[in-house]
Amino acid sequence: MSHPATPRVTRPRTVLAMSGETRAAILAPEALDRLARVADLDPRLLVTDFRTDDPVQRTGLHQAEVLFTGWGCPPLDPAALSAMPRLRAVVHAAGSVKHHITQDVWDRGITVSTAATANALPVAEYTVAAILFANKNILESARVYRAARSRVNLLERFPGVGNYRRTVGIVGASRIGRRVIELLRPYDLRVLVHDPYLDETDARTLGVERTELDTLAAESDVVTIHAPELPATRHLFDAPRLALMRDGATLINTARGSLVDTEALVKEAATGRLNAVLDHTEPEVLPADSPLYDLPNVLLTPHIAGSQGGELHRLADAAVDELERYAHGLPFAHAVDPRTLHQQA
């Protein structure tokens with residue numbers, strides 16, 4: 001009686017390709033030790049430029065079967081790939097691969113994995129916290145309490161606050177958007193979703209209502225953006241769409257700043273009609289004189305929603321998990337599909 005063959009376990013020759021700052025941030029000694037056990041890797045070898053003349057780095061790239069990449073990895077263009085004739089896989093210990101994965105990678109049949117799912121978790125957590133705080137009107141109530149420095153008549157000042165049966169609109173059923181939906185399930189909220197790639201069957205499975213974007217903007221108490229940055233999504237929330245939002249509604253943006261027309265948002269927020277929680281803006285760092293820094297109904301954070309501090313270690317762990325699967329002859333759990341990459345951030 002024959003038995004299924006046991007997958008052959010290898011230690012693929014692997015090279016780190018990312019910035020020095022990224023390696024220091026995400027690859028703690030424990031992660032490097034585990035990486036060295038899974039792969040044939042020199043932890044001291046770090047490539048930041050595929051056009052390097054350094055003979056040790058050139059030899060490492062020539063022998064590499066896997067690239068273990070992170071923020072700061074240069075583009076894998078034809079010149080870079082020519083230096084890596086044995087390359088079979090790229091394991092990215094971060095989110096989007098659009099900055100370094102080129103069509104040439106797919107043309108060579110190289111498989112790519114990303115830790116984007118792991119990176120989605122802290123963004124979703126930030127978003128859910130912002131949603132719950134927005135519906136409790138935390139910014140305004142804190143301001144009122146700070147000014148009064150005495151008991152505040154909450155029923156009089158904030159008669160409509162709370163998260164019971166409020167409506168949350170999610171723009172983009174992306175990794176992050178879906179994680180937000182999952183985290184919101186314990187709460188008594190109505191959840192609307194707009195995504196051109198979401199069908200009714202998928203919406204029912206997620207337990208959400210699929211709707212048009214203008215309807216979502218008009219009916220939601222909180223709108224949170226999780227769509228990719230594409231030409232079609234530039235200024236998705238422009239002046240007319242912001243005008244559709246309810247008085248007192250909150251706009252949350254943890255996606256790219258270009259999805260919101262900054263000038264239009266400044267005008268709406270300056271009237272006090274809308275609130276905003278912005279972790280991304282356009283430009284990414286606003287000018288020092290931007291009114292958004294000082295408006296009491298706007299919370300600006302410095303691109304902190306994504307993986308930071310100890311959360312970066314989750315990215316390394318997820319990437320090493322993928323490399324271990326590869327070493328055991330198994331397919332990636334989080335492989336990038338080039339056919340749908342254009343839909344993603």
Side-chain angles (χ1 to χ4, degrees), residues 95-96 98-99 116 119-120 123-124 126-128 130-131 134 167-181 184 190-199 202-203 206 208-271 273-286 290-292 295 297-301 303 305-306 340-345:
S96 176
K98 289 184 177 180
H99 303 291
N119 196 44
V123 182
Y126 172 108
T127 301
V128 170
I131 290 169
T167 299
V168 175
I170 297 175
V171 182
S174 58
R175 289 185 184 91
I176 297 169
R178 289 169 184 256
R179 181 61 172 167
V180 170
I181 292 168
L184 288 177
R190 176 190 180 209
V191 179
L192 307 180
V193 176
H194 171 76
D195 189 315
Y197 300 102
L198 182 73
D199 60 30
D202 203 10
L206 291 171
V208 300
E209 299 177 39
R210 186 171 67 106
T211 187
E212 294 301 317
L213 186 55
D214 285 350
T215 301
L216 180 149
E219 296 187 6
S220 297
D221 298 292
V222 179
V223 173
T224 178
I225 302 175
H226 304 291
E229 184 178 44
L230 304 169
T233 61
R234 177 168 178 77
H235 289 182
L236 196 63
F237 276 78
D238 54 10
R241 189 154 285 134
L242 290 170
L244 292 175
M245 293 178 64
R246 295 175 172 179
D247 290 355
T250 299
L251 180 69
I252 301 170
N253 189 12
T254 58
R256 294 292 182 254
S258 66
L259 275 69
V260 177
D261 183 336
T262 301
E263 183 178 350
L265 180 61
V266 168
K267 291 178 180 178
E268 284 283 5
T271 68
R273 195 183 74 80
L274 294 181
N275 306 306
V277 178
L278 307 173
D279 193 55
H280 283 262
T281 56
E282 186 184 47
E284 184 170 336
V285 178
L286 292 168
S290 172
L292 293 175
L295 288 172
N297 52 324
V298 174
L299 176 63
L300 279 179
T301 55
H303 202 156
T340 59
L341 186 57
H342 68 283
Q343 303 172 16
Q344 302 167 18

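These numbers come from the heavy atoms of this one structure, side chains and all, not from hydrogens, waters or symmetry mates.
- Here the straight-line distance linking atom CG of Leu184 with atom CG of Leu206 works out to 12.0 Å at 0.5 Å rounding.
- Looking at Thr254 and Asp279, their side chains never bring a donor and an acceptor atom within 3.5 Å of each other.
- Donor-acceptor pairing under 3.5 Å is recorded for the side chains of Ser258 and Glu229.
- Smallest separation of non-hydrogen atoms from Val223 and Ser220: CG2-CB, 3.7 Å.
- Under the side chain to side chain contact (heavy atoms under 4.5 Å, CB included) rule, Leu251 has a single partner from Leu274, Val260, Val171, which is Val260.
- His280 places no side-chain N or O within donor-acceptor distance of the main-chain N or O of Asn253, the cut-off being under 3.5 Å.
- A distance-only check finds no donor-acceptor pair linking the side chain of Asn297 to the backbone of Arg273 [under 3.5 Å].
- A side-chain donor-acceptor contact under 3.5 Å links Tyr126 and Thr301.
- Remark: Asp214 engages Arg241 in a side chain to side chain donor-acceptor pair (under 3.5 Å) (not counting sequence neighbours).
- Formation of a donor-acceptor pair under 3.5 Å by the Thr233 side chain with backbone atoms of Pro228 is found in this model.
- Contact check on Lys267 versus Asp261 returns no salt bridge, with no Lys/Arg side-chain nitrogen under 4.0 Å from an Asp/Glu carboxylate oxygen.
- When each of Ile131, Ile170, Asn275 is paired with Ile252, the side chain to side chain contact (heavy atoms under 4.5 Å, CB included) condition holds for Ile131 and for no other.
- Leu216 and His194 get closest at one heavy-atom pair: CD1-N, 3.6 Å.
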